[in-house]
Structures are given as C-alpha cells and as structure tokens.
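Below is one structure, written out as structure tokens; the observations come after it.
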There are 2 protein chains.
Amino acid sequence: MSGLTIGQVAERTGAATSALRYWEDLGLIASVRTTGNQRRYERATIRRVSFIRAAQRVGLSLEEIGAALSTLPDARTPTASDWARLSRAWRGRLDEQIRRIEKLRDQLDSCIGCGCLSLRTCALNNPSDVLADHGPGAVLLEP
Amino acid sequence: MSGLTIGQVAERTGAATSALRYWEDLGLIASVRTTGNQRRYERATIRRVSFIRAAQRVGLSLEEIGAALSTLPDARTPTASDWARLSRAWRGRLDEQIRRIEKLRDQLDSCIGCGCLSLRTCALNNPSDVLADHGPGAVLLEP
DNA sequence: CCGCTACCTGAACGTCACATGAACTCTGAC
DNA sequence: GTCAGAGTTCATGTGACGTTCAGGTAGCGG
C-alpha cells in the first residue's frame, strides 16, 4: 500500500475531498503525489484530519488550527504523546471558552434581576471587560 | 427630542451605522423617517441593538436573533419583564452550549488517557453522538 | 444664506470555508 | 486494452455579515 487516496481519507474522516484539498492549500495537511499527479496520504493524516474536524466543531478557525498543528513534529510521525500534548492545550482552550459563556450567562441573569438593560452600568450593555468588541461568532474563541 | 439619529444609536451601542442599516433591512430593528428621509430611532432601539450585539457575541446568527426579537411586542415599548422573558430563554441556550463544550472536552480527556486517536471507537473520531456533522463554528450553537 | 457634517441609496467589494462544474487524466478490475 | 469511476486543476458560486464607495441630500451653527 502506497498511501491513501483523497477519497479514502474523505470516507474515513467524513471530510469532503474539496475540504481536504483546501486544507492542503492552507498547509494544514500534506500529501505526496503519484507519477500521475494524484495525491497520496500517509495513514497519520487521518489523525490530523480528525483533529482538524474536532477543532472546527469547537469553533476554531483554520488559521488557529494550523498554528496548533504546526507544533507537531514535521520529521517523524506524531506519537500518541505528541497528540496528548496538543489535547491538553485544547482542554485549556475549552475551559476558557466555557468560562466566557458562563460569565455572559451570569450577566444576563443579573440583568433579569435588575431590569437594567438600558443602564450604562449593565453588563449587557458594557461587556467590554468580558468579551472584546470583535466580529460575530469567532469572538467566543479568541485568546 | 424627536428620536435618535443613526449616528447617535451607533455611538451609544458601538454598532456601525452600516450594520444598523443592514439590520434594519433584515427587519431586526425599525425606524421612522423625517421629512428629509433620515432615520430616527426610538430610545428603546438602544436596548434592542444592545441585545443583538450581546447575542452575536454568543455566536448566534442574525436569523435566530430576529426570531427571538420577534417575540417582543410590536405595539408597545417592551417592558423589563418582556426582556427578562427573553433573557431566561437565552440562559437555556447558553447552558446547552456549555454542556456541549464540556462533553467534547471530556472526550478529549479520555483520548489523552487512552492514546487511541486512530481508533474507530475514539470519541474524537466518532463524535456524531455529541455534535452533528455541520459546518464550522455555527455547529456549537445549533438547537 | 454658507458651509460643514451627518445622512441617504445602491452597488460593489471583502472574508471564511468551502461547494460546484467543466474539461481533462489516472488507476485498476475485467 | 478498455472503460468506469476516481482524481486533477481552475474558475466561479455560496452564504453570512457586513464595509466601502460614489454621488447626492438634510440639518444646523454661525
């Protein structure tokens, strides 16, 4: 076996082939080419792709995922402990995210209590100390 | 005072005027027009806009936000208890979101323990029972 | 009444993360 | 050797969420 085709990787990971090509363009995954210019993937790519998809489900951007993946060794196939190190880092990330949502939730609760939504002191109107003023969605996941 | 200009609403809420016009196109907010065709907003619009922004920070789409806002009374200015009802609904939403992230986090932990990332039984590879296979980002916020 | 700033519309542009389609080539089972 | 099906590149489309620009109008202090 000289490597997995893009279709095989797609089937095993659930990612679309178009996504796999796109991620390769971005440098998130790598492939070697056959003499006929077709992509062939190492078995370890399955893990990498699974990780990308798991990270996306948490809402992280491909740029951030790429940054995380770049901490894996280039030269050798990543070991379980390489991945474990990454997973520990993600745990911190997820904890942080939970903390932020809880804070917003608690602020909403306090607004329910005081009915103060129009006041300058209301957390809902002045959440700058919790979540900075960024674009939608992604803000929850920023550092 | 015959209402707030778009610039005043923008300044008080932190939203861009272009965003306010866009949200008005979508029906999330309303305005009356002066004889010279300029927008004038009710004071209550400040709350509405603040809510939209708060909801966006949690990652919800404008469509969902619009659905929530449509439960507010059209005829009269929303009271504190109108808003409180909305906030309670959001609390459930945020709790749900936290629960999902926690589940994913715990699954990552189990992967650290077993080093099984490549196995079919690993939660990281088979998270379908946790988060359905949707597009990126928004998935965390789906019903 | 002058002039400055804010405001108006509509269209074009931008980003992210791909999906889709056209036109063509490779691979592998028979 | 043949042929279906899988793979290739490149261009273009999608959808959410706006921003920017062009070309003009409103409103208000002086």
Side-chain angles (χ1 to χ4, degrees), chain A residues 1-29 31-41 45 49 51-67 69 133-142, chain B residues 1-41 45 49 52-67 69 133-142:
Chain A
M1 56 193 187
S2 61
L4 302 159
T5 67
I6 194 169
Q8 289 170 330
V9 174
E11 191 187 357
R12 279 167 174 249
T13 61
T17 57
S18 59
L20 292 173
R21 292 196 193 93
Y22 179 64
W23 297 342
E24 191 169 326
D25 284 349
L26 296 184
L28 298 187
I29 54 179
S31 66
V32 290
R33 297 298 182 114
T34 64
T35 53
N37 198 37
Q38 295 197 352
R39 290 172 180 81
R40 289 298 181 269
Y41 295 97
T45 304
V49 170
F51 184 79
I52 292 169
R53 285 170 60 76
Q56 282 195 312
R57 278 180 221 112
V58 187
L60 290 149
S61 72
L62 292 180
E63 189 177 356
E64 293 176 286
I65 295 167
L69 284 173
D133 183 15
H134 293 305
V139 69
L140 283 171
L141 311 156
E142 306 246 306
Chain B
M1 54 194 188
S2 60
L4 301 159
T5 67
I6 195 170
Q8 289 170 329
V9 174
E11 190 187 359
R12 278 166 175 250
T13 62
T17 59
S18 59
L20 293 174
R21 291 196 195 94
Y22 178 64
W23 295 342
E24 191 170 327
D25 282 350
L26 298 184
L28 298 186
I29 54 179
S31 66
V32 291
R33 297 301 181 111
T34 65
T35 53
N37 199 36
Q38 293 197 355
R39 289 172 180 82
R40 289 298 182 271
Y41 294 97
T45 305
V49 170
I52 292 170
R53 284 169 61 77
Q56 282 196 312
R57 278 181 221 110
V58 187
L60 291 149
S61 72
L62 292 182
E63 190 177 356
E64 292 178 288
I65 295 167
L69 285 174
D133 183 17
H134 292 306
V139 70
L140 283 170
L141 312 158
E142 307 247 304

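A, B, ... follow the sequence lines: proteins, then strands. Residue 1 opens every chain.
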Mind listing the closest non-hydrogen atom pair of A:Leu28 and A:Leu69 along with its distance?
O-CD1, 3.8 Å
Residue A:Thr34, side-chain heavy atoms: nucleotide from C:dT27, C:dC8, D:dC17 that is nearest:
C:dT27
Relative to the 5' end of DNA chain C, which residue comes earlier, A:Arg40 or A:Leu20, by the nucleotide with the nearest heavy atom?
A:Leu20
Whole-Å distance between C:dC8 P and B:Asp25 CG?
11 Å
When you match A:Gly36 and A:Leu62 each to their closest nucleotide on DNA chain C, which lands nearer the 5' end?
A:Leu62
Take atom CD of A:Glu24 and atom P of C:dC18, then tell me their distance rounded to the nearest Å.
14 Å
Measuring from the side chain of B:Ile6 (C-beta onward, heavy atoms only), which nucleotide among C:dC7, D:dG18, D:dT8 has the closest atom?
C:dC7
In Å, rounded to the nearest 0.5 Å, how long is the span from CG of B:Leu20 to OG of B:Ser31?
10.0 Å
Measure the spacing between CZ of A:Arg21 and CZ of A:Arg39 and express it to the nearest 0.5 Å.
5.5 Å
Separation of C:dC18 P from A:Ile29 CD1 (nearest whole Å)
11 Å
Which of these nucleotides, D:dC17, D:dT19, C:dC18, is closest to any side-chain atom of A:Ala19?
C:dC18
Specify the separation, in whole Å, of atom CG of B:Leu26 and atom C1' of D:dG15.
13 Å
Counting heavy atoms from C-beta on, name the nucleotide in C:dA19, C:dC18, D:dT19 closest to the side chain of A:Trp23.
C:dC18
Any side-chain N or O of B:Arg39 less than 4.0 Å from the OP1 or OP2 oxygen of C:dT9?
yes
Expressed as a whole number of angstroms, how long is the span from B:Asn37:CG to C:dA6:P?
19 Å
Looking at the side chain of B:Ser18, which of D:dC17, D:dT8, D:dT20 is the nearest nucleotide?
D:dT20
So, A:Arg40 side chain and A:Thr34 main chain: donor-acceptor pair closer than 3.5 Å or not?
no
Measure from the side chain of B:Ala16, starting at C-beta and using heavy atoms only, and say which of D:dT19, D:dC17, C:dC8 lies closest.
D:dT19
Of B:Thr17 and A:Tyr41, whose nearest nucleotide on DNA chain D comes first from the 5' end?
A:Tyr41
Given C:dA6, is OP1 or OP2 found less than 4.0 Å from the side-chain N or O atoms of B:Thr5?
no
From CZ of B:Arg33 across to C1' of C:dC7 the rounded distance in Å is 10 Å
Ranking C:dC7, C:dA17, C:dA19 by distance to the side chain of B:Arg21, first place goes to C:dC7
Find the distance A:Tyr22:OH to D:dT12:P and express it as a whole number of Å.
18 Å
Nearest-angstrom distance from the residue atom CD of A:Gln38 to P of C:dT25:
13 Å
Going by distance alone, is a donor N or O of one side chain under 3.5 Å from an acceptor N or O of the other, for B:Gln38 and B:Thr5?
no
